[in-house]
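A short worksheet on the structure shown next.
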Amino acid sequence: MFKEDLQTFAQHHLLRELSLINSPPAPVISVEGREVLLFASNNYLGLANHPQIKIAAVKAIEEFGVGSGASRLISGTLTPHHTLERDLAQWKGVESCLTFSSGYATNIGVIPSLAKADSLILADRLCHASLIDGCRLSRATLRVFHHNDLDHLKRLLSKRPTHASTLIITEGVFSMDGDLAPLPEIAQLAQEFEATLLVDDAHGTGVMGPTGRGTVEHYGVNPGHLLHMGTLSKAIGSSGGFVAGPKDFVAYLINTSRSFIYTTAPPPAMAAAASAALAIIQQEPQRRIKLWRNREFLYNGIGSMGFQLTNTQSPILPIIVKDPELAVQMSQRLREEGVWIPAVRPPTVPKGTSRLRITVTADHSFEHIELALRALQKVGAALGAL
Ligand SMILES: *Cc1c(COP(=O)(O)O)cnc(C)c1O
């Protein structure tokens, strides 16, 4: 059974395999003894390998050990967890915050606490798998609105049964398209229809907004009007997830959220590293400035070659090639040219929208970007994708 299914995946160019990398997530990585330029990581600010953050993690290991030893409610809540949750709440401008082992665990834990079997969830069509899984676990009725389509969302809100509590879910920056949700308008609709709004800002946190506080800051939306979810594993460069909102909401999650309760607390070093990263994000705005400069340079270069980009407004720059086979071929040829850009295919993205998902970070130099552009030009021309 496994074998047949795997053969079918391969026939449709949808087989996925792991590649082994023998270096930190820096712009230049080592793959099978060869140096390759990495344009695939979500380590947007280059903090995953930052010396000060590594020191913070090592120090926490020396002080608190490696493992937490128990779940957060038993004896696993250590000082670094507490400090991080305080720092995150302050940074996001809300009362309280709760951290989880990952962004995935956050979404599958938070949504079933917000929505019950008699609730209605309205989620954007391009929402991340972890959000969809959270919706399924909640047993609420799930309706999907067309991507960023406010009229469709409003129609679904108007038609809903009056008794149901309603949860609206969107991403701040969409992970596979790099575009932004129209948050002010969605927040307005949520208020008008007395719905709760949950924003997954995994890719906006540390990246968007004048001080990197995320897509909510980018738009100037009142942080009190929604619940923010984010991850510590992308721009923050550590590992784990969080959700931020009112004090009572967090207290309720501590009592009800299964992926928070029934798992060992995250390693204290990850929490200490995330706190150190938050300090650096606030002290070194030049990292974000460099990220955006790199993003503009790469975006303009790709655009001028004639590739079809999504409507991206972030450092995620997806080239739509539609056909999964072509996406895989391009990714392989780019690898041969020394540039690592993954092919993203269904079911991660809708059918017919296979793509090369390029991400750029603050650590890339203009020279790295020029090399990537040259490789894209060469491979695109050779495979007729331009
Ligand atoms: C990456 C991601 C997650 C999951 O976060 P992890 O910390 O990697 O588990 C959740 N939502 C979105 C939109 C993401 O891109």
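Atoms within each ligand, like the ligands themselves, are counted from 1 in listed order.
- Under 3.5 Å, the side chains of Asn107 and Asp200 contain a donor-acceptor pair of N or O atoms.
- Shown in contact with Ser102 at under 4.0 Å from a heavy atom are these atoms of ligand 1, numbered in order with element: 7 (O), 9 (O).
- When non-hydrogen atoms are compared, ligand 1 lies under 4.0 Å from neither the backbone nor the side chain of Thr106.
- Residue contact check: Glu171 has heavy atoms under 4.0 Å from atoms 13 (C) of ligand 1.
- Remark: aromatic rings of Phe242 and His228 are distant, center separation not under 6.0 Å.
- Listed by number with element, the atoms of ligand 1 under 4.0 Å from a non-hydrogen atom of Asn107 are 10 (C), 11 (N).
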| said: Between Phe297 and Phe366, is the ring-ring contact (aromatic ring centres under 6.0 Å, His included) condition met? List the steps. | reply: CA-CA 8 Å; Phe297 186 44; Phe366 275 10; 4.5 Å; yes
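- Every atom of ligand 1 is numbered from 1 in the order shown, and the set under 4.0 Å from a heavy atom of Gly240 is 7 (O).
- The backbone N or O of Ser365 sits less than 3.5 Å from a side-chain atom of His368, completing a donor-acceptor pair.
- For atom 11 (N) of ligand 1, the closest heavy atom belonging to the protein is Asp200 OD2, 2.6 Å.
- When only non-hydrogen protein atoms are considered, atom 8 (O) of ligand 1 lies nearest to Ser233 OG, 3.5 Å.
- A donor-acceptor distance shorter than 3.5 angstrom exists from the side chain of Asn43 to the backbone of Ala48, with no hydrogens or angles considered.
- Looking at Ser175, Gly103, Ser101 and measuring to atom 5 (O) of ligand 1, the nearest heavy atom belongs to Gly103.
- Of all protein heavy atoms, the one lying nearest to atom 9 (O) of ligand 1 is Tyr104 N, 2.9 Å.
- Using modelled atom types and a 3.5 Å distance limit, the side chains of Thr215 and His218 yield no donor-acceptor pair.
- Contact annotation: Ser130 has at least one heavy atom less than 4.0 Å from an atom of ligand 1.
- Of all protein heavy atoms, the one closest to atom 14 (C) of ligand 1 is Lys234 NZ, 2.8 Å.
- Applying the 4.0 Å criterion to heavy atoms of Thr231 picks out, from ligand 1, the atoms 5 (O), 6 (P), 7 (O).
- No option in His128, His147, His203 other than His147 meets the ring-ring contact (aromatic ring centres under 6.0 Å, His included) test with Phe174.
- Using cut-offs of 30° and 60° for the angle between ring planes, the His364 and Phe39 rings count as parallel.
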